[in-house]
Amino acid sequence: VPAVMAIMGTEGIFTGKDYRGVKVLSVLSRIPETTWFMVAKMDEEEAFAEWRTRAMLIVTIIVVLILALIVTTRMILEQQRKFKALSDLAASLQKKEAELNEAQRVAHVGNWVWEPATDTVTWSEEIYRIFGLDPQRPAPSVLEQQRMFVPKSWEVLTQALANTSQAGTPYNIDLEFVDSSGATKWINACGAAVRDAGGRIVRLCGTAHDITERKIAQDALRKLNTEL
């Protein structure tokens with residue numbers, strides 16, 4: 001009790017209970033040149049209230065920062081996982097594309113897609129090789145392709161494209177064309193319609209097979225039969 005400590009002549013800062021039985025923080029100091037003591041006290045609850053508030057605030061901030069760090073770490077790890085999955089998928093697609101290009105090169109068969117609404121054409125690498133064009137350049141539109149085919153073949157092709165884009169009728173035709181070097185060649189062209197969920201034809205897709213060697217062989221055989 002602060003009063004007892006004063007009677008005992010003790011000076012300093014003490015904690016204890018006062019006459020109310022409440023924990024207090026006391027300061028006892030002797031008054032110079034007297035036998036009297038000056039006692040100052042404050043309830044511990046009141047004395048440490050601001051410190052406890054600050055301590056709780058600091059603890060709360062630390063907890064929030066830790067939680068934020070955990071959440072951020074999980075987000076980063078999830079993004080890294082997704083990035084790796086996408087990277088693996090991209091690598092797999094590139095490998096499959098390379099394998100497809102090699103298979104088309106060996107078979108001399110390329111694939112194409114045509115969107116009639118915009119006259120946008122997409123070619124595989126093998127079709128570029130068949131026509132002797134640069135694969136780094138955009139594929140020529142259908143209208144631009146007219147200069148590549150001989151007149152009779154162009155007429156057959158345009159009729160086939162019209163039937164497929166309007167009625168969905170697939171086609172399988174042989175076409176004669178002149179490549180970029182001026183050489184006359186032949187392809188077997190197949191095409192089919194692709195419809196959207198509403199049944200509307202939105203694009204055509206198909207293949208082009210270089211059959212020049214077969215045509216040369218057929219012509220040679222026909223000529224030989226004629227001579228015989």
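No experiment lies behind these values; they were computed from the predicted model shown. Position 1 is the first residue of the sequence; numbering continues from there.
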Show which side-chain atoms of residues 190-203 pair as donor or acceptor with protein atoms under 3.5 Å away, not counting sequence neighbours.
unit_1: Arg195; atom_1: NH1; unit_2: Gly199; atom_2: O; d: 2.9
unit_1: Asp196; atom_1: OD1; unit_2: Gly198; atom_2: N; d: 3.0
unit_1: Asp196; atom_1: OD1; unit_2: Gly199; atom_2: N; d: 3.0
unit_1: Asp196; atom_1: OD1; unit_2: Arg200; atom_2: N; d: 2.8
unit_1: Asp196; atom_1: OD2; unit_2: Arg200; atom_2: NE; d: 3.4

Could you list the donor-acceptor pairs under 3.5 angstrom formed between side-chain atoms of residues 64-75 and any protein atom two or more places apart in sequence or on another chain?
unit_1: Thr72; atom_1: OG1; unit_2: Ala68; atom_2: O; d: 2.7
unit_1: Thr73; atom_1: OG1; unit_2: Leu69; atom_2: O; d: 2.6

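- In this structure, CD on Gln146 lies 11.0 Å from CD on Glu155, to the nearest 0.5 angstrom.
- Remark: Lys84 pairs with Asp88 by the salt bridge (charged side-chain N to carboxylate O under 4.0 Å, His left out) rule, at least two apart or across chains.
- Sorted by first and then second residue, the salt bridge (charged side-chain N to carboxylate O under 4.0 Å, His left out) pairs involving residues 58-67 (not counting sequence neighbours) form an empty list.
- The backbone N or O of Asn111 lies less than 3.5 Å from a partner atom in the side chain of Ser124, making a donor-acceptor pair.
- Partners of Ser153 by side chain to side chain donor-acceptor pair (under 3.5 Å), not counting sequence neighbours: none found.
- How far NZ of Lys152 is from CG of Leu157: 14.5 Å, rounded to the nearest 0.5 Å.
- Counting non-hydrogen atoms of neighbouring residues, nucleotides and ligands closer than 6.0 angstrom, the CD atom of Glu213 reaches no more than 12 such neighbours.
- The aromatic rings of Phe149 and Phe131 sit perpendicular, their planes meeting at an angle over 60°, well past the 30° parallel limit.
- Atoms CG and CZ, from Leu221 and Arg214 in turn, are 13.0 Å apart once rounded to the nearest 0.5 Å.
- Not counting sequence neighbours, the partners of Asp219 by the side chain to side chain donor-acceptor pair (under 3.5 Å) test are Arg222.
- Linking ILVMFWY residues whenever their side-chain heavy atoms come closer than 4.5 Å, directly or via other members, places Trp123 and Leu175 in the same cluster.
- Residues meeting the side chain to side chain donor-acceptor pair (under 3.5 Å) test with Glu78, sequence neighbours left out: Arg81.
- With rounding to the nearest 0.5 Å, the separation of CD1 in Ile130 from CD in Glu125 is 12.5 Å.
- Looking at Thr122, its side chain never comes within 3.5 Å of a backbone N or O of Trp112 through a donor-acceptor pair.
- Of the inter-residue distances, the one linking Asp210 atom CG with Arg129 atom CZ reads 11.5 Å to the nearest 0.5 angstrom.
- A donor-acceptor pair is defined here as one N or O able to donate and one able to accept, closer than 3.5 Å; no such pair exists between the side chain of Tyr128 and the backbone of Gln136.
- Looking at residues two or more places apart in sequence or on another chain, you find a side-chain contact (heavy atoms from CB on, under 4.5 Å) between Val142 and Trp114, Asp119, Val121, Trp154, Leu161.
- Sorted by first then second residue, the side-chain hydrogen bond (donor to acceptor under 3.5 Å, both in side chains) pairs that include residues 169-179, not counting sequence neighbours, are Asn172-Asn188, Asp174-Asn188, Asp179-Ser181, Asp179-Lys185.
- The salt bridge (charged side-chain N to carboxylate O under 4.0 Å, His left out) contacts involving residues 130-150 comprise nothing, where partners must be two or more places apart or lie in separate chains.
- Here Thr120 pairs with Thr118 under the side chain to side chain donor-acceptor pair (under 3.5 Å) rule; sequence neighbours left out.
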